[in-house]
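In what follows, a single structure is set out as structure tokens and then discussed.
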Amino acid sequence: MRIAVQEAAFDPSAELAGFGQGRADVGAVVSFTGLVRDDTGQMQALEIEHYPGMTERAIAALVEQAITRWALADAVVIHRYGRLEIGAPIMMVATAARHRQAAFEAAEFLMDYLKSRAPFWKKEITATGAAWVEAKESDEAALSRW
Amino acid sequence: MRIAVQEAAFDPSAELAGFGQGRADVGAVVSFTGLVRDDTGQMQALEIEHYPGMTERAIAALVEQAITRWALADAVVIHRYGRLEIGAPIMMVATAARHRQAAFEAAEFLMDYLKSRAPFWKKEITATGAAWVEAKESDEAALSRW
Amino acid sequence: MVELLYFAWLRERIGVPREQVESTAATVADLVEELKTRDPRYAAAFADLSAVRVALDQDLSDFSAPLAGVREVAFFPPMTGG
Amino acid sequence: MVELLYFAWLRERIGVPREQVESTAATVADLVEELKTRDPRYAAAFADLSAVRVALDQDLSDFSAPLAGVREVAFFPPMTGG
């Protein structure tokens, strides 16, 4: 298990090197990477604020829950804060399980909870100003399936 | 888009290097890797037979379908055949999309169809013999959700 | 002349991966019946057709499909990819 | 003495990321009412409580929660991680 909350850029593919491999009890690895998107063509960067201390606690609690519920063999969560360029990875999760359904479900569970329950706040920076990203009702609603 | 049907081993993390990154229209990348599992402790290897020609056609048709249905920005499918060691990657899919739900759904769709509609057959090799893996009803049933 | 391909345990039961046959069978089902009369190996391989899938010229098909114009017929068990 | 933390637009409206306050408020809701009477900045920040979340000692909580024994109270908008 590996959890990292960091300002530095990271390479999702490098983080996955060897993950879940070479053992008899893992049949499925799922990874998700979130990247900085620009739907308007106006964005210069994304700024992410977080709550040091609580962030790590909240993520660790989520990962423990996922490991128990889906009997994961391994799990990774990496999440950046600070200033991020368009197209850069924001965060990733990876899960290793016996079967594909467990690996997929655990990854989606982690994503849904990281969206709405980990203390991060995104701000879109444009040439003319900056705007906090509003939480989506659909993200809150997504939690009800778990 | 990249499709490979190959005997050679591959490194899922290396295949993901840069995938979906550095562009404004991708917010989500999902990858799935299937690995050789041994539930009995008796397996020596997995042997995979395939139907050269049809395999590539069937996978290409699936990937085209996924790209259209989920407006994917990019997709990868790699699938091995031949003799594979315990713990080795068998296959992977990766999807890049604007939003996480599309990336997850497209990856699960590809997996469900590769399981039951791509012409591969698995055989488990043990010290005392070999047995063809039987198709699971649950894998066939999984197709009904798409 | 049509090319027949067999995979997995169908290949093992029939004993060859592929063969060319002359047949005037109208459908896949007719072809299977014809093969079953030729040799016990085919009767064994095609004993339970619910466990057999067929592809015509590399597209999944079914036993009622016509064979006119088909060059390659493949028989195999349910697929276990992924 | 309790430590108050503010994040995102709550931090911007109140003008500081953190501060220590003396308060005898029994609950989070009482504390918020007290702050709103102190300065218009708080009134602006806490105008719509449906858009404000609270954590007590780094655990998500709610406005009816008691403050007894709590050392760190954080206010912030709905989270937008992932």
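Keep in mind that what you see is a predicted model, and the values were worked out from it rather than measured. In what follows, chains carry the letters A, B, and so on, assigned in the order in which the sequence lines appear, proteins first and then strands, with residues in each chain numbered from 1.
For C:Glu19, the CD atom is densely surrounded, since the number of other residues' heavy atoms within 6.0 Å is greater than 12. In the displayed structure, C:Gln20 atom CD is contacted under 6.0 Å by more than 12 heavy atoms of other residues, nucleotides or ligands.
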Could you walk me through whether C:Val21 and C:Glu34 satisfy the side-chain contact (heavy atoms from CB on, under 4.5 Å) test, starting with their C-alpha distance in whole Å, then the side-chain angles of each, then the deciding distance to 0.1 Å, before giving a yes or no?
CA-CA 11 Å; C:Val21 300; C:Glu34 201 181 298; over 6 Å; no
Passes side-chain contact (heavy atoms from CB on, under 4.5 Å), B:Phe19 versus B:Glu15? Steps please.
CA-CA 8 Å; B:Phe19 181 77; B:Glu15 301 291 344; over 6 Å; no
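Taken to the nearest 0.5 Å, the CD1 atom of B:Ile48 stands 10.5 Å off from the CD atom of B:Glu7. To the nearest 0.5 Å, atoms CG (B:Asp74) and CZ (B:Arg23) are separated by 6.5 Å. The CG atom of C:Leu10 sits 10.0 Å away from the CH2 atom of B:Trp132 when rounded to the nearest 0.5 Å. Remark: C:Leu31 CG to C:Thr24 OG1 distance equals 10.0 Å, nearest 0.5 Å. The distance from atom CD of B:Glu47 to atom CD1 of B:Ile125, rounded to the nearest 0.5 Å, is 4.0 Å. Atom CD1 of C:Ile14 sits about 7.5 Å away from atom CG of C:Leu35, to the nearest 0.5 Å.
Residues of residues 75-111 of chain B lying under 4.5 angstrom from chain C, judged on non-hydrogen atoms, are B:His79, B:Ile90, B:Met91, B:Met111 by number. Scanning residues 69-82 of chain C against chain B with a 4.5 Å heavy-atom cutoff picks out C:Glu72, C:Ala74, C:Phe76, C:Pro77, C:Pro78, C:Met79, C:Thr80, C:Gly81, C:Gly82, ordered by number. Of residues 42-67 of chain C, those residues with a non-hydrogen atom less than 4.5 Å from any non-hydrogen atom of chain B are, in numerical order, C:Ala55, C:Asp57, C:Gln58, C:Asp59, C:Leu60. Taking 4.5 Å as the heavy-atom cut-off, none of the residues of residues 139-146 of chain B approach chain C.
Contacts of B:Lys123 with chain C are made by side-chain atoms alone, with heavy-atom separations under 4.5 Å and no backbone atom involved.
Contact between B:Ala60 and B:Ile3 at its shortest, heavy atoms only, is CA-CD1, 3.4 Å. When all heavy atoms of B:Phe10 and B:Pro12 are compared, the closest pair comes out as O-CD, 3.5 Å.
The residue among B:Trp121, B:Phe120, B:Tyr113 with the most heavy atom pairs within less than 4.5 Å of chain C is B:Trp121.
If you run side chain to side chain contact (heavy atoms under 4.5 Å, CB included) between C:Phe7 and each of B:His50, B:Glu49, B:Met54, only B:Glu49 comes through.
Considering only heavy atoms from C-beta on, B:Glu124 stays 4.5 Å or farther from B:Gln42 through its side chain.
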